[in-house]
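Below is one structure; the comments refer to it alone.
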Amino acid sequence: MNPVEELNNLREEALRELAGAEELKVLESLRVAFLGKKGKLTTILKSIGKLPQDERKETGALSNKIKKELEACIKEKSSTLKASSLEMKMADERMDITLPQHGSVTGAAHPVNSVLIEICEIFISMGFSMAEGPEVDFEKYNFEMLNFPEDHPARDMQDTFYINNELLLRAHTSTVQIRTMLVQPPPVAIIASGKVYRKDADQTHSPMFHQIEGLMVDRAVTFKDLRGIVRILLDNIFHKDIPIRFRPSFFPFTEPSAEVDIGCTVCNGAGCKMCKDSGWLEIMGCGMVDPNVFDSVGIDPLRFTGLAFGMGVERIAMLKYRIPDIRMLFTNNMRFNLQFRGLR
Amino acid sequence: MKIPFSWLKDFIDTDMPPERVAEILTETGVEAGCEVFGNDTPGVITVKILSNEKRVGTEKLRKCVVTDGKRDYTVITGANNALTGSCALFAPAGVTIEGNEIAHREMGGVTSEGMLLSLQELGVACQDEGIFLLDDNTTPGCDGCEETGLGRERIIEIEATPNRGDVLSVRGLGREIAAVLGIEFKDRNYALTEVGLEELPFEIDDSSAHRYRGIVIKGAVVKPSSLLVRLRLIKSGLQPINNIVDITNYILYQEGQPLHAFDLSKLKGNLRVRRAIDKEEIKTIDKEVYRLAPGDVVIADDKSAVAVAGVMGGYDTRVDNETSDIFLEAALFDPGDVRRTSKRLGLQTDSSYRFERSIDFDRLESAQNLAANLIVSAGGGKIEKLFNSTPQPYSPKEVILKFSEIERILGEPVEGEKAVQYLSRLGIACKMTDKSLTAAIPAFRASDIERPVDLIEEIARVQGYNNFAPSYPRIPSECFKVNQSFLFESRTRDFMVACSLNEVVNYTFLDEKSCDDLGVTPPEVAISNYLNINHSHLRTSLIPGVIHTTIENIRQGIADIAIFELSTCIFTNHEEKRLAILVTGKEAGGFGFKKGKISFSTEEAWSFLKIKRIVNNYLSMLGAPAVEYRVEDLSFLHPYESAKIVVNGQETGFFGKINPGKADFLDLPKDLWLAELKLSFISRDVHEKTADKAGYLYNIFLSAKGRAFKELPKYPSIARDLAVVVDEKLDAETVIGEVRRCAGLIEDVNLFDIYFVEGQKKSIALSIVFRAVDRTLLDEEADALIADIVKRLKKKIPDMTLR
């Protein structure tokens with residue numbers, strides 16, 4: 001057999017066997033068998049020198065060509081085999097992605113605090129600062145300085161828990177208005193929030209509940225501004241352009257004073273049990289700071305005006321989430337609380 | 001206060017439906033609702049009772065014959081007021097009352113052909129005794145509902161704010177409706193019909209009343225009031241009693257002037273108005289005996305107090321069925337006096353309610369005259385004597401309002417003429433100049449309108465609050481400050497939620513016993529007028545609350561509980577925001593993979609170290625620099641599984657397992673862990689800041705913000721393991737601490753293994769990392785450092801051996 005014939009036979013044999021290789025191991029042994037130091041092709045290449053001059057060139061060129069061809073073939077085959085072996089290995093590791101997570105689920109903030117923080121953040125974004133005060137506070141901050149005359153029926157509006165003659169459980173967060181204005185000259189733009197207490201317990205009243213209250217004092221703050229602030233607030237808590245109604249009312253610490261109603265969120269004003277067929281739901285109180293309050297904290301009512309507003313957080317939570325009884329908010333039954341996971 | 005619309009129509013003419021009137025009242029500042037009086041019950045007719053006889057053999061039943069003018073009916077009734085000659089409401093068989101059809105009924109051989117009715121049976125909430133009687137001269141056979149307004153009459157119910165005493169009467173509300181609708185107010189003044197009155201002997205202590213007026217009527221006959229008066233009272237929610245008492249109530253409701261009628265014959269000697277004597281007692285018409293105090297005002301005769309001024313009359317001098325001579329009182333007592341007395345006695349009446357809210361000074365005389373006239377016209381008798389004294393007369397007030405003030409407060413101008421017009425509709429007469437108006441405040445608004453701003457509210461109210469377009473103010477930014485404590489609390493809450501804990505909110509109230517039972521610090525502050533004996537004190541720890549929550553949830557069949565609370569604790573001189581954590585039951589596990597196989601790792605129990613993870617991670621999140629855990633000795637915690645949390649050398653809380661004895665006592669699981677941390681200090685002093693108190697995590701949170709970058713290491717570290725055997729009771733931290741205290745080059749010490757060996761010993765394995773800032777450490781150096789450490793440990797822990 002002449003060397004050219006021999007080489008061509010070798011090439012065919014190699015290509016046939018490479019084509020049949022299904023494992024990287026086999027492929028490697030084929031590489032060694034043909035292209036290794038003692039491989040068949042290598043052996044032929046080594047023997048080329050012994051050939052006659054005229055055959056040497058032709059045979060040399062052919063064997064190099066076959067070597068390159070086989071190398072390329074092995075490389076291609078190898079990457080194909082590697083890919084399919086990785087694929088098999090990964091298939092072995094198949095995960096049932098529908099299984100439940102490992103470990104406990106995230107907790108839930110209390111719905112009242114979720115609502116409270118949501119509202120506080122609206123005001124903080126608008127540029128109001130947060131202010132705070134104690135829950136047991138002085139009688140004078142809760143009543144006297146807020147223009148509640150002694151022996152006046154206005155004091156019945158908040159049936160109050162007393163500690164002694166001087167201290168009480170604050171009946172509203174308005175105590176923080178006084179505390180703030182006593183130490184901060186105008187302008188003032190604050191939000192106060194927290195627990196307040198009244199002697200009252202039924203389906204819609206809890207002896208402990210939460211309030212959020214805002215106060216803005218500056219030159220030229222007006223009733224129309226109050227209408228604007230309330231509009232922005234309710235647009236953001238409920239939905240844009242929710243119907244709003246201001247009703248004249250009475251709070252000793254504001255004049256003029258107003259109650260604010262929103263269009264009933266259950267029946268959209270058509271009339272239902274929730275709104276007692278009125279189409280309106282009472283949502284907050286507000287007004288222009290009474291000059292007597294300014295006098296009590298040493299702010300000149302002829303130079304400054306102020307707007308103030310306040311709301312019960314439980315009331316808003318109950319309306320937003322259709323909670324029928326305020327007491328459910330404080331029984332802390334996990335089946336109840338967990339319904340509000342993800343609100344914060 | 002409830003007012004029948006038909007009564008209001010004595011004062012206003014309007015075709016507007018009562019529902020709409022109520023809505024307008026609500027929108028203009030007097031919250032009002034509207035309801036129907038009773039049920040419209042077709043077929044109910046008026047009848048005259050022709051005869052009434054007792055049924056033999058029965059205790060209560062009576063047989064009556066009634067007529068509708070066309071035919072007679074036999075009817076059996078249990079009522080004992082179905083007297084012959086009186087008229088009543090009757091439902092013949094076939095009429096349906098509240099869903100039940102009246103049928104012929106056979107009772108002891110007599111067929112009852114219908115039913116004599118009370119108002120209660122017709123859907124009226126009132127206290128009826130027997131059947132409802134009409135006037136004796138009622139025409140039989142008329143539509144009974146038409147006659148009484150059942151199902152037709154609308155009742156306006158108002159809830160007036162405390163400043164609006166002026167609308168607490170039919171007349172007052174009529175005036176308000178007229179003002180807001182812009183229609184005529186039909187008002188009348190009444191003079192006494194009798195003339196030639198004598199002066200009554202009377203003494204008045206000038207400080208005790210602003211005004212006092214008494215009329216003596218002699219020879220009146222006490223009997224039931226007319227149907228009109230009775231129906232109006234019933235519709236207003238009052239119970240008719242007799243013509244004299246009813247008229248005083250009728251006038252109270254119509255005119256807003258409280259009146260009291262004494263039986264003149266029961267009064268001893270001269271009358272006087274005076275302050276009560278200490279411990280003086282009076283039995284009032286509700287048959288209760290009250291002990292008075294020196295501040296109280298009373299009406300007294302020679303013997304004793306006969307009425308608590310403005311609150312309630314005395315029992316012994318009340319009008320009864322035998323009364324014929326009456327002393328009719330109309331007075332203006334001081335609102336504060338009446339309120340103090342009413343509050344102290346816990347006795348609020350229609351009268352005290354109105355006195356507290358101020359009464360129209362100018363209207364007393366007319367109202368009392370009308371009452372006297374009505375008593376005489378209904379019950380006969382003669383007006384004989386009069387006493388009239390005004391120790392503290394009312395002088396009308398004037399308030400000047402600059403028009404520029406209107407715009408300054410409301411944000412838009414209201415024309416002067418318009419303002420004057422609005423105010424005059426409310427009965428406030430004004431004089432106007434270019435730049436201002438001068439308003440004369442009538443007596444009926446005197447307690448509410450005193451300053452220019454009060455007039456501005458009235459102007460805005462009549463114009464309509466909703467007619468002021470909103471404007472959007474610039475929020476002043478020079479006063480803005482980031483509230484760190486709000487951020488601090490928000491982050492704390494979010495962190496706890498991310499740790500799978502659920503937030504609870506418990507009442508601040510508790511009782512001393514629940515603290516005692518648990519062994520937590522007792523409350524320091526008590527409520528003097530608590531609502532509920534279990535809520536008599538204010539908490540000084542959140543632990544009783546989260547324990548309570550747990551007990552309640554376990555009762556509901558929920559055993560896996562992981563909760564936290566972030567609330568205030570109340571102390572004598574300050575308050576603290578605290579954080580409490582409670583976990584019990586299982587922490588959820590889940591599925592896992594091991595060697596290609598799915599395995600279900602059973603649910604995992606909570607443990608001391610899991611609670612420690614939460615506490616420790618929380619403290620790191622806040623940036624707490626040096627945290628130490630020391631042995632805690634709180635009685636409600638497990639003595640060997642609880643720790644004090646010490647941050648920067650300050651005690652800031654604890655965590656640990658519940659004491660098994662307490663768990664038994666409270667019927668709680670023993671595998672229950674608790675933590676409480678002190679978050680922030682809240683002062684009651686306006687000028688004291690909360691941030692700068694040591695011992696609170698808020699302070700740590702604030703100070704952690706100050707930090708500086710440290711150079712990253714340039715040279716590699718070298719690590720060595722060291723295993724020592726020590727007494728099994730020795731804390732790991734003792735060994736680690738000693739290692740750390742060895743001088744220089746130690747970068748980190750990590751505990752990686754503990755196991756117990758014979759002889760009550762344990763092996764502690766540490767990985768110690770050394771690094772020099774200026775060079776690469778050599779192996780020999782590390783070996784030498786380890787040798788130093790071993791030397792130190794041997795010195796400090798003599799029984800230590802190397803493993």
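Treat the numbers as computed from the prediction; the structure is a model and nothing was measured. Quick note on labels: first sequence line is chain A, next is B, and so on, each numbered from 1.
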Please tell me whether [X] and [Y] have a donor and an acceptor in their side chains that are separated by less than 3.5 angstrom.
X	Y	value
B:Glu503	A:Asn113	yes
B:Asn553	A:Asn332	no
A:Lys195	B:Ser567	yes
B:Ser485	A:Glu132	yes
A:Arg227	B:Asn466	yes

**Report entry** Worked check of salt bridge (Lys or Arg N to Asp or Glu O under 4.0 Å) between B:Asp685 and A:Arg179
**Finding:** CA-CA 9 Å; B:Asp685 179 348; A:Arg179 286 178 165 272; over 6 Å; no
Structural part of [X] lying under 4.5 Å from a heavy atom of chain B:
X	value
A:Pro111	neither
A:Ile190	neither
A:Met216	side chain
A:Phe251	neither
A:Thr160	backbone
A:His152	both
A:Val188	backbone
A:Asp218	side chain

Query - B:Ile475 to A:Gly127 - nearest heavy-atom pair and separation - result: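 Here B:Ile475 and A:Gly127 meet closest at CG2-O, 3.6 Å.
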Requested in this report: For A:Gln184 and B:Cys479, work out which heavy atoms get closest and say how close.
Outcome: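 Closest pair (atom of A:Gln184, atom of B:Cys479, distance): NE2-CB, 3.4 Å.
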Distance-only, no hydrogens or angles: does the [X] side chain make a donor-acceptor pair with backbone N or O of [Y] under 3.5 Å?
X	Y	answer
B:Glu552	A:Asn333	no
A:Asp151	B:Gly336	no
A:Lys224	B:Ala469	yes

Requested in this report: Begin with the C-alpha distance, continue with both residues' side-chain angles, and end with the deciding distance and a verdict on ring-ring contact (aromatic ring centres under 6.0 Å, His included) for B:Phe509 and A:Phe161.
Outcome: CA-CA 11 Å; B:Phe509 319 111; A:Phe161 288 111; 5.4 Å; yes
Query raised in the report: Quick one: what part of B:Ser477 sits under 4.5 Å from any heavy atom of chain A, side chain, backbone, both or neither?
Result: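 It is neither, since no heavy atom gets under 4.5 Å.
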Query raised in the report: Side chain, backbone, both or neither: which part of B:Asp454 has an atom under 4.5 Å from a heavy atom of chain A?
Result: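 Contact with chain A: backbone and side chain both.
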